Amino acid sequence: TVNPDPVIVISVPRTAYDAGQTAIISSAPSLGTPPYTITYYVNGSQIGNKTVLLTAPGKYIITAKLTDALGYQASSNTIIITVNPDPILNVSGIKGLLDANMKLNISMWASLGTAPYSFSLYINGTKVSSSQSYMFSPAVSGTYILKAVLNDSAGYLITKSFTVKVNPDPVVTNLTYYLSSNNIFYTSNIARLNVSVKEGTPPYNYSWYLNGKQIATTSAPTYSYSLSVGQNTLQVKVTDSLGYSVESQPVTVSISYNYDVIGGLVAIIAIVAIAITIIVKRKR
């Protein structure tokens, strides 16, 4: 009995991998005289089994040699596997501290690895996006766990997790003012405005407005206005350390002249003028 010469064909699931993965060789021997003995080679070196450890980036040349029961040998086809460096997941836009309703524009992108890539974003375990960008704007305060996930086409998976603490928005809880005068001609031309704030993310900056125009910025929650006669509108805008701002309700303060003092001074001046006139007439 004369059998045809043996043949062996080998294959792998794919020809692109990431470093650290493994490739399993499949073989299809035929013809010749079974049973067969198959030896596998990677870059010319014999390996002990069908599993190829792809430990480093580069090219891996895989071949096999079949020996049948009668000692006839046949060489397989050649497979070239490209091993890429492990992928890197990059994430930008994450901040560890926010105020409610602030926005984070989160972006994800990949380098190295084996393209194409797929991306996912999870918030507290729930998938919220399969896109490379996502606008995160939490309306409720609390702690949020954000997890970014990258899968490349070689099946390599990378995750990165971030903790974001969200504080309640800052709130103006109290606004008071005290009037005083630094001039006898006014009933009260100095207004000392005090503001109380809670929540948000301290420390705060305070922008002080007079009649709709900003006139000062301080780190202290109090400011003294020097007011003009008539109606004056006072207001403060509070900005916390994360840039979230809240405005107080405007306060209207009316300033007038101290007519009693002015009238008294006018009377005194009139009396003095009359007295001087009388003295002058007597001297004449």
Side-chain angles (χ1 to χ4, degrees), residues 90-108 121 123-124 128-129 133-148 160-258 261:
N90 305 281
V91 183
S92 67
I94 299 289
K95 294 182 180 180
L97 199 58
L98 285 181
D99 290 338
N101 298 303
M102 291 187 73
K103 296 180 179 180
L104 285 185
N105 188 6
I106 301 171
S107 297
M108 299 180 288
L121 183 68
I123 297 178
N124 292 341
V128 296
S129 177
S133 61
Y134 180 77
M135 184 65 73
F136 177 52
S137 182
V140 180
S141 60
T143 300
Y144 294 79
I145 305 299
L146 277 61
K147 184 173 73 172
K160 286 187 176 182
S161 295
F162 307 88
T163 300
V164 178
K165 182 182 178 183
V166 179
N167 293 325
D169 295 338
V171 178
V172 174
T173 59
N174 193 28
L175 186 68
T176 57
Y177 67 92
Y178 303 92
L179 298 177
S180 61
S181 178
N182 65 351
N183 192 310
I184 61 172
F185 295 104
Y186 302 99
T187 55
S188 51
N189 66 321
I190 302 298
R192 181 181 176 89
L193 197 64
N194 297 317
V195 63
S196 299
V197 184
K198 71 174 184 178
E199 308 297 1
T201 306
Y204 309 106
N205 279 328
Y206 305 86
S207 299
W208 306 94
Y209 290 79
L210 176 60
N211 297 326
K213 181 180 179 180
Q214 182 179 340
I215 59 172
T217 299
T218 68
S219 58
T222 183
Y223 183 75
S224 294
Y225 291 85
S226 180
L227 304 179
S228 302
V229 172
Q231 285 194 334
N232 297 267
T233 302
L234 316 181
Q235 193 173 21
V236 59
K237 181 172 73 173
V238 182
T239 304
D240 72 0
S241 61
L242 297 180
Y244 198 99
S245 296
V246 60
E247 294 182 351
S248 71
Q249 292 295 323
V251 174
T252 301
V253 179
S254 296
I255 302 301
S256 61
Y257 291 109
N258 192 336
V261 172

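Remember, predicted model here, so these are calculated numbers, not experimental data.
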Between [Y] and [X], is there a side-chain heavy-atom distance shorter than 4.5 Å?
{"X": "L98", "Y": "V164", "result": "yes"}
{"X": "Y144", "Y": "F136", "result": "yes"}
{"X": "Q235", "Y": "E247", "result": "yes"}
{"X": "Y225", "Y": "L210", "result": "yes"}
{"X": "V236", "Y": "L175", "result": "yes"}
{"X": "N211", "Y": "N232", "result": "yes"}
{"X": "L234", "Y": "V253", "result": "yes"}
{"X": "V197", "Y": "P221", "result": "no"}

Of the non-hydrogen atoms in [X] and [Y], which two are nearest, and what is the gap between them?
{"X": "D99", "Y": "V166", "value": "C-CG1, 3.8 Å"}
{"X": "A100", "Y": "A139", "value": "CB-O, 3.8 Å"}
{"X": "Y206", "Y": "A220", "value": "CD1-O, 3.2 Å"}
{"X": "G93", "Y": "L104", "value": "O-CD2, 3.3 Å"}

Determine whether more than 12 heavy atoms belonging to other residues, nucleotides or ligands lie under 6.0 Å from atom CD of Q231.
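Not more than 12 within 6.0 Å, no.
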Does atom NZ of K160 have more than 12 heavy-atom neighbours, drawn from other residues, nucleotides or ligands, at distances under 6.0 Å?
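Enclosed: over 12 neighbouring heavy atoms sit under 6.0 Å from NZ of K160.
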So, taking the atom named [atom1] in [X] and the one named [atom2] in [Y], what distance separates them when rounded to the nearest 0.5 Å?
{"X": "S107", "Y": "M135", "atom1": "OG", "atom2": "CE", "value": "9.0 Å"}
{"X": "M102", "Y": "S137", "atom1": "CE", "atom2": "OG", "value": "9.5 Å"}
{"X": "S224", "Y": "R192", "atom1": "OG", "atom2": "CZ", "value": "5.0 Å"}

Pair N194-T222, side-chain hydrogen bond (donor to acceptor under 3.5 Å, both in side chains): steps then yes or no
CA-CA 4 Å; N194 297 317; T222 183; 2.5 Å; yes
Main-chain N/O of [Y] paired with [X] side-chain donor or acceptor, under 3.5 Å:
{"X": "N124", "Y": "I145", "value": "yes"}
{"X": "T173", "Y": "S196", "value": "yes"}
{"X": "D240", "Y": "G243", "value": "yes"}
{"X": "S241", "Y": "P202", "value": "yes"}

Should the pair Y223 and W208 be assigned to parallel (<30°), tilted (30 to 60°) or perpendicular (>60°) ring geometry?
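Answer is parallel, since the angle falls under 30°.
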Pick from N105, L146, L121: which one makes a side chain to side chain contact (heavy atoms under 4.5 Å, CB included) with Y134?
L121
Worked check of side-chain contact (heavy atoms from CB on, under 4.5 Å) between I106 and I94
CA-CA 6 Å; I106 301 171; I94 299 289; 3.6 Å; yes
From T239, D169, T201, residue fulfilling side-chain hydrogen bond (donor to acceptor under 3.5 Å, both in side chains) relative to Y244:
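One option only clears the test, and that one is D169.
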Go through the steps for S141 and N167 under the test side-chain contact (heavy atoms from CB on, under 4.5 Å), then give the verdict.
CA-CA 5 Å; S141 60; N167 293 325; 5.7 Å; no
Just do the side-chain contact (heavy atoms from CB on, under 4.5 Å) check on L227 and I190 with the steps written out, would you?
CA-CA 6 Å; L227 304 179; I190 302 298; over 6 Å; no
